[in-house]
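Comments concern the structure below.
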Amino acid sequence: MNTRFVQTASHWGVYDVETDAHGGILGARPFDADPHPAAYMQGLPEMVRGPLRIDRPYVRAGYLRDGPGPGKRGGEPFVPVDWDHALSLVADELRRVRARFGNEAIYGGSYGWASAGRLHHGPSVLKRFLGLHGGYVDKRGNHSFGAALGIMPYVLGRADITNLAASWPEVIASGRLVVMFGGAAPKNAQIDAGGAVVHDAPDWVRRAGDADLRFVNIGPSRADLPPGLRAEWIPLRPNTDVAMMLGLAHTLVEDGACDRDFLARYCEGYDRFEAYLTGRDSGIARNAEWAAGITGVPAQRIRALARDMAGGRTLINTSWSVQRADHGEQPVWMTVTLAAMLGQIGLPGGGFSLGFGAVNGITAPRVENMPRPTLALGTNPVKTYVPVGRVADMLLHPGSRIDCFGARITLPEIRLVYSIGGNPFHHNCNLNRFLRAWQRPDTVIVHEPWWNPASRHADIVLPATTTMERNDILAHENSPYWIAMRQVIEPVGQARNDFDILADLAGRLGFGQAYTEGRDEMGWLRHMYAAARDRALEAGFAPPDFDTFWEAGRYAFPQPQTAPPLLHDFRADPERHPLRTPSGRIELYSQTIAAYGYDDCPPHPSWLEPAEWLGSDTARRFPLHLLSNQPATRLHSQLDPAAASRASKIAGREPIALHPRDAAARGIRDGDVVRVFNDRGGFLAGAVLADHLLPGVVQIATGAWYDPAQGGEPGALDKHGNPNLVTLDTGTSCLAQGSIAQTALVEVERHGEAPPVTAFDAPAIIG
Ligand SMILES: Nc1nc2c(c(=O)[nH]1)N[C@H]1C(S)=C(S)[C@@H](COP(=O)(O)OP(=O)(O)OC[C@H]3O[C@@H](n4cnc5c(=O)[nH]c(N)nc54)[C@H](O)[C@@H]3O)O[C@H]1N2
Ligand SMILES: Nc1nc2c(c(=O)[nH]1)N[C@H]1C(S)=C(S)[C@@H](COP(=O)(O)OP(=O)(O)OC[C@H]3O[C@@H](n4cnc5c(=O)[nH]c(N)nc54)[C@H](O)[C@@H]3O)O[C@H]1N2
Ligand SMILES: [Mo]
């Protein structure tokens with residue numbers, strides 16, 4: 001049979017899709033340079049023509065009947081309309097809202113990973129479009145490492161969080177002891193925002209396992225480091241990392257093992273912190289015994305580890321998950337502080353690292369000055385923003401004031417929400433409250449390829465293409481490649497590219513030329529490529545002209561073998577390379593933060609009790625700490641209906657891991673359907689007994705498509721296993737307002753008669 005292979009790419013890898021003579025999709029084969037392709041590589045070819053594709057534009061029945069206004073989003077059937085009708089509804093509504101309420105009533109902060117590719121990135125084309133329409137309320141921060149983004153400018157004078165991880169070559173060549181809070185689960189290195197090209201984490205793990213290197217995994221799950229590293233596991237109560245780090249720090253002081261020269265030369269405010277640590281200010285010494293009472297780690301073990309750490313080169317890594325919790329700024333700040341006390345910041349294999357292994361390319365030596373083809377976002381005349389996790393507050397309480405990023409902002413009154421490339425019913429916490437909020441605005445417009453929770457909760461649903469139906473370029477700063485992403489098949493049904501949908505709307509609204517600049521898809525790719533190539537040539541690289549690149553399918557930049565340690569230049573010469581903090585040094589006490597006067601973010605790293613944890617009163621009613629980590633079988637909610645994700649489900653539901661002791665106490669057996677709940681809501685899941693967890697901790701991956709027993713009804717039980725029914729939607733603190741998905745207590749019980757899962761059924765269509 002005549003088949004052909006066409007190269008495309010995704011956040012989880014580059015691959016060739018095989019099609020037959022009639023355009024039928026046969027499957028995908030991995031990129032030739034990729035030694036360990038992602039487990040779910042076949043997911044998109046499998047789903048691209050599946051039954052959940054949205055075949056044409058749709059409007060929620062109540063919206064079509066009544067027009068803009070609050071409505072029962074999520075609970076009503078949809079009515080098919082033609083493109084012209086759908087686009088005139090959108091254009092008219094944008095005009096109406098702008099004229100009556102102004103651009104500040106349009107929320108375009110649209111959060112989400114969308115798909116790989118430098119042109120067809122949903123949230124970016126939306127920003128370009130809404131900026132030209134006069135502006136929009138934007139989001140600030142992200143769900144991934146919001147607390148770190150908020151605190152690091154005060155501590156290190158920088159917010160480039162993804163550049164704060166050590167690299168594998170550095171660790172293997174120079175490391176001795178690697179202490180990891182929250183581990184570095186290899187499943188997470190399958191993806192990168194913008195595209196993973198080569199998956200080499202398993203090879204690095206093998207080399208690290210062979211090297212003379214010791215790993216210590218501190219956290220609630222032994223499974224957070226691969227067995228090949230033969231790590232020592234120190235089980236820790238969730239959200240108590242700061243107490244553990246303080247116990248370690250106190251031991252260094254007791255032993256006289258602090259590097260006082262380093263602290264004096266490179267740091268600001270250590271004395272103030274030490275007064276807190278030793279109890280000189282309060283009478284409470286944060287020593288190993290104190291830490292043991294909070295963390296559940298025996299005091300001798302804390303002391304022994306501190307001594308090991310002081311005994312030679314030590315790298316301390318804290319995973320992003322640790323800061324996705326109440327007061328998440330503190331563990332990040334305390335990580336830097338502990339590393340500063342050891343005095344090895346700037347030395348290879350020493351100091352601190354953040355998010356080592358959290359995404360694919362973060363542990364790779366980076367190509368300096370590698371340009372990327374880019375679509376200009378343009379400017380946003382509206383300056384109002386909200387922290388990304390505070391969208392429900394914004395919709396429920398317009399006009400109220402909140403602190404964030406050192407400012408006090410007033411939450412705007414939003415009438416129209418435009419969302420592309422994200423799943424709000426995946427990324428937001430406390431979904432019952434979020435659903436009430438989402439039903440408030442006049443209009444919600446969503447572009448989506450699939451009938452998933454994002455599109456099901458919209459008023460106007462515009463069917464979007466996937467990467468397989470368009471041309472694009474992959475280029476990521478963490479990966480030394482430019483990759484041609486070629487169109488594999490014709491658009492499915494009436495789907496259109498996000499870029500083209502917005503170009504059409506821009507034309508209707510009178511700024512078509514400004515939006516497209518007269519270029520179509522290939523015109524833009526050539527233009528973006530040419531500009532990036534010019535910069536690459538100036539920097540001494542030699543990418544070919546566009547046609548040669550497109551034909552070859554890739555351009556590989558020369559990748560360095562090693563990366564310099566973080567802050568090595570600052571260490572070498574702090575006067576010539578000061579940090580962009582007020583003192584030019586690492587701030588262990590911040591005058592700026594002191595001046596804010598926040599109770600929930602003191603001016604030096606501190607242990608603050610999380611809103612919910614195993615030591616809190618709430619634990620009497622809800623005695624299990626729920627962790628919701630990133631899934632091994634998909635990217636967030638993407639590819640949940642594909643075979644790899646479905647194969648992982650238990651009785652069709654997302655697996656939740658429980659310690660056998662906790663299961664036995666509740667009469668729960670392996671494979672049972674259980675109900676997980678607290679005062680905020682509940683969901684069903686499939687029980688898996690697992691002794692890799694600390695007793696008292698349960699764990700479920702994020703990303704199961706929200707499947708309420710009654711659509712559109714806040715409070716309805718989710719039948720499929722979405723952890724955000726029970727998570728808390730308050731911010732980390734007044735400083736960063738980051739999301740705190742890892743702070744949630746629950747109870748789990750066996751569920752008798754379980755209703756069928758309907759997450760992967762399309763909604764009712766009428767008319
Ligand atoms: N409980 C809990 N919740 C969490 C987390 C957690 O640890 N625990 N993690 C948080 C984190 S770190 C993150 S980053 C967020 C992620 O949250 P999201 O980024 O919102 O999750 P995705 O599932 O990737 O959503 C992407 C959506 O875009 C759609 N899409 C893909 N390509 C295209 C396209 O080309 N055009 C259009 N129009 N749509 C497209 C997909 O179908 C999907 O619906 O979740 C957060 N939520
Ligand atoms: N395959 C796959 N990979 C992904 C993603 C995906 O969807 N799929 N999502 C990507 C995204 S958007 C992001 S932001 C990164 C996130 O990267 P991370 O935040 O590092 O990843 P998680 O899997 O959420 O969490 C890692 C581990 O942290 C531990 N942990 C949780 N709470 C605590 C705590 O309080 N203390 C300690 N010590 N440990 C704790 C849990 O045991 C958990 O397994 O992952 C990325 N990688
Ligand atoms: Mo993330």
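Because only heavy atoms are used, hydrogens play no part in the values below, and waters and symmetry mates are left out as well, while side chains stay in. For ligands, and for the atoms within them, numbers begin at 1 and follow the listed sequence. Throughout, residue positions are numbered sequentially from 1 according to the sequence presented.
Taking a 4.0 Å cut-off on heavy atoms, Ala185 fails to register as neighbouring ligand 2. Not a single heavy atom of Met47 sits closer than 4.0 Å to an atom of ligand 1. Assignment of Gly122 to the shell around ligand 1 is not supported, since no heavy atom sits closer than 4.0 Å.
Centroid-to-centroid, the aromatic rings of Phe215 and Trp233 stay 6.0 Å apart or farther. With ring centers used as reference points, His636 lies under 6.0 Å from Trp113. Aromatic ring centres of Trp451 and Phe78 lie closer together than 6.0 Å.
Residue nearest to atom 41 (C) of ligand 2, selected from Asn629, Asn142, Asp224: Asp224 (by heavy-atom distance). Across Gly117, Pro449, Gly422, heavy-atom proximity to atom 40 (C) of ligand 1 is greatest for Pro449. Comparing Leu44, Ile740, Asn724 against atom 3 (N) of ligand 1, the shortest heavy-atom distance belongs to Asn724. Between Leu627, Asp241, Asn239, Thr295, it is Asp241 that holds the heavy atom closest to atom 37 (C) of ligand 2. Remark: among candidates His636, Gln190, Arg222, Gln323, the nearest residue to atom 11 (C) of ligand 2 is His636, based on non-hydrogen atoms.
Relative orientation of the Phe425 and Tyr706 rings is parallel, given thresholds of 30° and 60° on the angle between their planes.
At under 3.5 Å, not a single nitrogen or oxygen of Thr702, backbone or side chain, sits near a nitrogen or oxygen of ligand 1. Annotation: Ser144 places no N or O atom under 3.5 Å from an N or O atom of ligand 1; distance criterion only. Residue contacts with ligand 1: Gly112 is placed with no nitrogen or oxygen under 3.5 Å of a nitrogen or oxygen of the ligand (distance criterion only).
At least one test fails for Arg56 against the ring of Trp83: distance under 6.0 Å to the centre or angle within 45° of the axis.
Using a distance-only test at 3.5 Å, with no hydrogens or angles considered, no donor-acceptor pair links the side chain of Ser739 to the main chain of Ala741. Under the 3.5 Å distance criterion, the side-chain polar atoms of Asp472 are left unmatched by any main-chain donor or acceptor of Met485.
In the vicinity of Gln699, heavy-atom distances shorter than 4.0 Å reach the ligand 2 atoms 41 (C), 42 (O), 43 (C), 44 (O).
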